[in-house]
Engineer: 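Sharing a structure below in structure tokens format, with a few things to ask.
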Amino acid sequence: MNFLIMNIPLNIVSTVHDWIYSIMPETAASITVMVLIAVAYLALFAVAGLYLVLLERKVAAWFQLRLGPNRVGPLGLFQTIADALKLVSKELTSNDRIDKFLYNLAPYFVIVSTLIGISVFPFSKQFQAFDINIGLFFLIAVSSIGVIGILVGGWASNNKFALIGAMRSGLQTISYELSVGLSILTMVLLTGTLQLSEIVEVQRTGGWLILQGHIPAIIAFCIFMIAGTAETNRAPFDLVEAESELGAGFHTEYSGMKFAYFFLAEFINMFIIASIAVVLFFGGWLSPFGITDGITWFPEVLWFLIKVLVIIFLMMWFRWTFPRLRVDQLLTLEWKYLLPLNLANLMIMAIIIWMNWTI
Amino acid sequence: MTDQEIKNKIKTEEYFVNMGPQHPAAHGVLRLLLTIDGEIIKNVEPDLGYIHRSIEKMCERDSYQQIVHLTDRMDYLSSNINNEAVCLAVEKALEIEVSDRVKVIRTIVSELTRIASHCLWWGVMGMDLGALTTYFYAFRDRELINDIFEETCGARLTMNYNAPGGLMYDIHPNFVKRTKDFIKHFKTKIPEYDRLLTGNVIFQKRTKGVGILTKEDAISYGVSGPVARGSGFASDVRKHHPYSAYDRVDFKEVLLTEGDTFARYQVRIMELWESISIIEQLIDNIPEGSVKEPTKAVIKLPKGEYYQRVEAARGELGVYINSTGAKNPYRVKFRSPGFSNLSVLNHIAKGSKIADLVATMASFDFVIPDIDR
Amino acid sequence: MSYFSDIYNGIKTLITGMKVTGGYFIHARKGSLTQQYPDNRETLKMFDRFRGEVVMPHDENNQHRCTGCQSCEIACPNGSIEIIWDRAVDPETGKKKKKIDKHIYHLSMCTMCGLCIEACPTDAIVWAQNYENSVYDRSYLTKTLNQPGSTVIAGVED
Amino acid sequence: MKNEDLQNIINGLGENLEFTTEATEFLNVTVPKEQLHTICSQLKSNPELKFDYAFCISGMDWGKELGVIYHLHSTEFKHEITVKVTTEDRENPILDSVHDIWQTAEFHELEIYDFFGIKFNNHPKLRRLFLTPDWEGYPLRKDYVDEANMIIK
């Protein structure tokens, strides 16, 4: 009886899994199991996204001498659920000159690409949907699909401010995709594999990757955090929906559920960037220095969530402190500062690995 | 392929965007017709009148006390200073000599209004550039000043505290204590403003070298206030045409020469320190005396024209009264600082990006009712 | 060279900025300034000079000090005070005298400038400190300040 | 610089200028309509005068004739004068624009055109700044009547 708490859901999953395989032919069963997992993940992460929004509003309030939402439900916990219900019931307004098909397609691009991205994360030993061996590569590929949705959405809503916002987001994501990929690459040199569960295994013995890789890993982590916040159009790089310049940027013309997709996708993207950072730098679901390995009943998922929340708090801290960058400064930061640093860092890490001076 | 060939191959078309009356960076109902080529602004043409109440026409049917209450609604962030302008004009016309107590209180109250206005400007400038928390810290300090005013004259924004011939009420017993507490609190907060925004590298990159206004342009466009002093044009009315108790207070006129958005920002931050030192010099020894000189119920200014200028938070506010001896003035003209400052915007913003235009407008600190009157 | 130094200074300024907001985050519990309005209605008290609304105080036997001299109506810039008065014979002196019938006050048009209270010779109207003046129908905003059946306090001369 | 010396210098700039200093603080110069532009440019360019800061330009309706009042200030010598110019014809009043001398005049002249109807020739883009383009009548004129918005007490 090793994981008491973690075991109960796994027993259910395996019993359901065997029951489906018993009553259906092979292929149909695997499809239904995948669909069931997908629905479970969708529900879980929709609610997780909502509570991330609430966390953001609460943290913002504490930064700004306020209390944050505390009226709906005990301590304001149902606030974002109420928001979601409101958004669902809102009328889907749009002007008559939109490009109907693309206008409706855009939100699905964004939300689907983020939800695909979640399936690959190892939340704990068993709790992982797909453990494919090119995990990280798949993640980077999926996260760049999201920007197509923003571009299409901005262009299709036939609004000048939305068009400017969309062009800016295309610009921003393409250039910051580079540093995200490169900083991940420096860490993959250490781990040797792209499979996420393998990466966590590597960190079980030699300690967290950020400790194993010492200085180059820390530089890679900083660059990853900067590029990650830029990737999700947040904080100092939120030129896409710059409130004071473009009003609401690319989702000006969206309302109701379509707007909710864009809004939720932004928060789940933030969750994805934080989870990549946790898996790659802070040892996924491993407890720090193995203090709770022995205790069997302690669920490892908690460690994963604590680390993710710490990273998310850091990203929120960025958002509520820094002013916004201008478009050309955004590009000079990427191409003149982050990229050279990243390449140099990659070289140093490669030399260290090649001469295997592992400290 | 030379640059020129590339340029005419890529045919970029200028299009026209409406930074319209309802826009977060407009601080009121100012509509700017921008002709943009991509992100570069080609031409900025303001279209005003969305909050025009024709105050000058109303003044022609109101008595002089009633005109004072109208000026609150012009530049609502420096309402006390506007009231003082009209009262000084009327007192100059009637040759009333106000008591020392009134002069000192008027100066203290004007400086408090200036600090409150600069606080709101600082918060909103941070918000316009994306740092949303500055807004809340600025309003925390502004609330303290609003409480001081609410306790003394009952209103927070449109005070109507001055009346021709002096003040409407005497200051509240604990006005002095509250002001001293505020000064002590605010002295610790301005360094925090600097740490949060002034030093920030992103903020400096967004404001340094943006929207440069040369001194000749400032003079020729009739710009006044912190915007002019940011480009080296010494136009501080408190220094050059002292009124109330400004002649007995020594303060430095803040002058910088770069003339970009960062210079205008620094001018206002230094002005906060100057205002604090003015208040500190006056708050301890407010002389005793009558608060209101007796004036006739119906004030009739002798025939002639009077011009009184005052340093409002945004620049030089001038009141030109042309009276023919009747009980209401023949013609009143308010020289509003925002109106001439706005005329420079097109000259400065040409060729900059939308984000620069928003930063420049934030540093100009427009209040639209002051422009529209 | 300057490449690394301006990266270093940049990060240093960013960190100081974060320290400021971080400081507020740490003692956020007692630092919040917002008032929980509907809950703290009993404890929320306005300053005594707060300009809430113009009212006419009546003493215990339903008497007020307004003689209907209309100086407040003249002083008001927005015409938000209307006085309806009628002639009455003063019992002692036998002369004809103005008597206030209705003192109508349009709160909707009042800009809280205080000129009427300044101009009133007999201090009949004063500021009230209530701040909840929103109503469901515009007609509630037109109030008659003198209660029905109230008379002027004897010996009040304008 | 005292008003008298100002008066002598300015007198040399053009003919039949009237000077008054009673009932006003600054030296008043009433300039005939035709010489407005020449005198104003000399006021600015004259080395002894150097009036380069036009801080207040206001339109005026004196009952019979319309006019514009320029308050000028010299940033170098710190002296001020008021220049007045009037035009009798109320149907189609036209004055010269001084926006090339003081850039601030461009916006102030738009305001005067909007409220007094005085047209300024060679003004870059004469348009109604405050009121809607289809607004008839000029509100700040004394003979402007508008029952809807004007409450005569």
Side-chain angles (χ1 to χ4, degrees), chain A residues 56-57 59-68 155 158-172 226 229-230 233-249 252 316-334 336-337, chain B residues 14-20 22-27 34-41 123-141 143 189 195-210 261 265 352-359 361-362:
Chain A
E56 166 100 58
R57 286 178 63 175
V59 163
W62 290 332
F63 271 128
Q64 296 169 349
L65 309 169
R66 298 186 279 120
L67 288 180
W155 181 80
N158 204 338
N159 167 337
K160 290 193 180 88
F161 285 131
L163 184 64
I164 298 175
M167 288 310 137
R168 284 184 180 175
S169 84
L171 203 78
Q172 180 175 326
I226 296 172
T229 27
N233 302 332
R234 270 180 65 84
F237 310 98
D238 59 356
L239 291 121
V240 177
E241 356 88 27
E243 291 80 18
S244 57
E245 287 145 30
L246 308 175
T252 345
M316 287 178 186
W317 199 355
F318 287 160
R319 173 172 189 179
W320 298 108
T321 326
F322 298 139
R324 192 178 297 122
L325 275 168
R326 218 179 35 205
V327 174
D328 52 336
Q329 288 157 356
L330 183 86
L331 296 176
T332 41
L333 174 72
E334 162 56 27
K336 288 213 180 89
Y337 289 91
Chain B
E14 277 174 20
Y15 64 107
F16 152 79
V17 163
N18 209 340
M19 204 159 159
Q22 206 270 334
H23 188 276
H27 303 302
L34 307 179
T35 23
I36 304 182
D37 172 10
E39 283 260 349
I40 315 289
I41 292 172
V124 171
M125 173 133 192
M127 200 174 69
D128 273 1
L129 295 181
L132 299 169
T133 31
T134 56
Y135 190 81
F136 293 91
Y137 299 156
F139 261 73
R140 166 202 59 208
D141 303 334
E143 281 309 314
K189 289 306 171 202
R195 284 203 308 274
L196 189 61
L197 207 56
T198 323
N200 197 316
V201 69
I202 301 176
F203 177 78
Q204 286 185 0
K205 278 253 180 330
R206 276 292 300 274
T207 49
K208 277 215 163 102
V210 168
T261 308
Y265 174 90
S352 66
K353 296 187 176 47
I354 300 177
D356 293 342
L357 176 70
V358 170
M361 272 171 63

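Each chain gets a letter, A, B and so on, in the order the sequences are listed, and its residues count up from 1.
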Engineer: More than 12 non-hydrogen atoms from neighbouring residues, nucleotides or ligands closer than 6.0 Å to NZ on B:Lys189, yes or no?
Structural biologist: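 Atom NZ in B:Lys189 is crowded, with more than 12 foreign heavy atoms closer than 6.0 Å.
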Engineer: Heavy-atom distance under 4.5 Å to chain A: side chain of B:Phe139, backbone, both or neither?
Structural biologist: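 Neither part.
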Engineer: State, to 0.1 Å, how close A:Trp320 and B:Thr133 come at their nearest heavy-atom pair, and which atoms those are.
Structural biologist: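 Smallest heavy-atom distance, with atoms named: O-OG1, 2.5 Å.
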Engineer: Side chain from CB out, backbone as N, CA, C, O: work out which of these in A:Gln329 comes under 4.5 Å of a heavy atom of chain B, or both, or neither.
Structural biologist: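 Interface part for A:Gln329: side chain.
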Engineer: With B:Ile202 as reference, evaluate A:Thr321, A:Leu325, A:Leu333 under the side chain to side chain contact (heavy atoms under 4.5 Å, CB included) test and give the passing residue.
Structural biologist: A:Leu325
Engineer: I need the single residue from A:Arg326, A:Arg168, A:Lys160 that forms a salt bridge (charged side-chain N to carboxylate O under 4.0 Å, His left out) with B:Glu39. Which is it?
Structural biologist: A:Arg168
Engineer: Non-hydrogen atoms of chain A under 4.5 Å away: do they reach the side chain of B:Lys353, the backbone, both or neither?
Structural biologist: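 When you check distances to chain A, only side chain atoms of B:Lys353 fall under 4.5 Å.
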Engineer: Among B:Gly130, B:Ala359, B:Ala362, single out the residue with the greatest number of heavy-atom pairs under 4.5 Å to chain A.
Structural biologist: B:Gly130
Engineer: CG/A:Leu239 to CD1/B:Ile354 distance, rounded to the nearest 0.5 angstrom?
Structural biologist: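 Atom-to-atom, A:Leu239:CG and B:Ile354:CD1 are 11.0 Å apart.
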Engineer: What part of B:Tyr135 lies closer than 4.5 angstrom to a heavy atom of chain A: side chain, backbone, both or neither?
Structural biologist: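 Neither part; nothing is under 4.5 Å.
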Engineer: So for B:Val210, is it side chain, backbone, both, or neither that comes closer than 4.5 Å to the heavy atoms of chain A?
Structural biologist: side chain
Engineer: Taking all non-hydrogen atoms of both residues, which atom of B:Asp128 and which atom of A:Arg324 are closest, and how far apart?
Structural biologist: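 The answer is O-NH1, 3.7 Å.
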Engineer: Quick one: CZ on B:Arg206 to CZ on A:Phe322, what's the gap to the nearest 0.5 Å?
Structural biologist: 15.0 Å
Engineer: For B:Leu197 versus A:Pro323, what's the shortest heavy-atom pair and its separation?
Structural biologist: CD1-CG, 4.4 Å
Engineer: How close do A:Phe63 and B:Tyr137 get, heavy atom to heavy atom, and via which atoms?
Structural biologist: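 Here A:Phe63 and B:Tyr137 meet closest at O-OH, 2.8 Å.
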